[in-house]
Amino acid sequence: MNIIRPITQADYQALYDIAVESGIGFTSLPVNDDLLHRKVDRAQEAFTKANVTQPGDESYLFVMEDTTTGEVVGTSGIEAAVGIDDAFYHYHLSKVVHASRELNIHNTVEILTFCNDYTGVTEICTLFLREQARGGINGRFLSKVRFLFMMEHRERFSETIIAEMRGVSDEEGRSPFWEWLETHFFSMDFPTADYLTGIGNKVFIAELMPKYPIYVNLLSKEAQAVIGQVHDKTRPALQLLEGEGFSCRGYVDIFDAGPTVEANLSHIRTAQSSLKMPIVIDDAAAAQGQTHYIINTSVADFRAVATEIGVNEEQNIAVLSRQAAAALNVQEGDYVRLAPVKFRD
Ligand SMILES: NC(=[NH2+])NCCC[C@H](N)C(=O)O
C-alpha cells in the first residue's frame, strides 16, 4: 500500500536519489547536500509548528512510501507563502495597443513585465514520482493530496494557490527563452541559473534581469514561440491541474517562460468536493465502495491513502477497512477528509 506522510530525516538518502533522478530543470530539488538537509529540517518544522493562524515561511514536504517495501517512491510539496523572506518573481504577459486613428493604423503588441505579483500566495511544488511507481493513480494522488491537506488546514494557506510549470527546454537543458536572456543580459547557462535559484541564491536575478517591460516582438522567434508553453514531460501535470480548475492568468517564469497556473483554494475541484466525516471500520463494506483519496486530520502525524471506502452521506459516515484505518492512524469515531478519485458529474 502507498501512503503519503511528512518527510523525516530517515528519508534523506531517498530524497537525494530523487534529486539526482529529477535532473536539470527541476528547480526545487537541486543536488546539494546542505540544501536538501535544510529542506527536510524546514519540513519538519512546518509539520510540527502548532497554532499556525496564517501562512508564513512554512515549507511542507511529503513523501509517498510503499509500505510493503518501505521505499520512498515520490515527493510532493507546498510552500505556505512565497516571497516572504526573499523576493518572488514573474513576468506578466500583457498587451499594449499602438494605434493612430488618423493614419488608420492599429497595432496590438505583447509585453512582458517583471513583477512580484504572487508575493504571499501558496505554491504547490516539488512533485516527483519515481520510475518504478509511475502508472495508476500514484501521480494524481501525490498532487491532489495537497488540496485535501490545504482544505483541512485552511488557516495555514493563502486562498490563492499557484503552480509554476516547467517551460520548454531540450535534453541538454537549453531553453530558447533563456538563450535570448543569456545573450543580452546574463552570461551563464540555464542549468547554472536554475541551480542558483534552487539553492536560494537569487540576488543575481534582481541584479541582472531586465527590469523594464520587454516587447515580445523584439525577442528571437524561438523565444517568442515558447512563452507560456510547457515542457513535454510537464503536460500531464498541467492537464491534471487544469482539470482541478487551475488556469494561467498571463504569468510566466522569468527564465524559461513556462506558465504559472492559479486557482482559488475554495474552487479547486478536489478541495471543493471533499467531505469530512467520522469513520467506522468494516472490511467487507469498505471493499464495496469507490476509490477515494483519504487523509487524517493531523498535521504533525499526517497520513493519506488512496483506497476503496464506503461513503454514506445521509448518515455522515465513512466506512474504512482495517488496513486503511491503520495506515491513517485513525480509530472508529475519528474524522477523516476524503474526495473521490472519479468525480461524479
Ligand atoms: N526556472 C526558474 N528557476 N526560475 C527562477 C525562479 C522563479 C521563481 N518564481 C522565483 O522567484 O523564485
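Whatever order the structure lists ligands and atoms in, that order sets their numbers, starting from 1.
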*Is the W178 ring parallel, tilted or perpendicular to the F190 ring (thresholds 30°, 60°)?*
tilted
*So, does N296 use its side chain to make a donor-acceptor pair with the main chain of R303 at under 3.5 Å?*
yes
_Quick check: Y293 with F147 (ring centres under 6.0 Å apart)?_
no
_I'd like the name of whichever of V252, L196, D253 reaches closest to atom 7 (C) of ligand 1 through any heavy atom._
D253
*Within the structure, does D194 bring an N/O atom to less than 3.5 angstrom of an N/O atom in ligand 1?*
yes
_Single hit among Y89, F88, Y251 for ring-ring contact (aromatic ring centres under 6.0 Å, His included) with Y118_ = Y251
*Do K49 and E58 meet the salt-bridge criterion of a basic N to acidic O distance under 4.0 Å?*
yes
*Would you mind checking which non-hydrogen protein atom is closest to atom 11 (O) of ligand 1, with the distance to 0.1 Å?*
Y89 N, 2.8 Å
*What atoms of ligand 1 come within less than 4.0 Å of a heavy atom belonging to T27?*
1 (N), 3 (N)
*Run down the list E123, E164, R166, E79 and name the one with the heavy atom closest to atom 9 (N) of ligand 1.*
E164
*Any N or O on K202 sitting closer than 3.5 Å to an N or O of ligand 1?*
yes
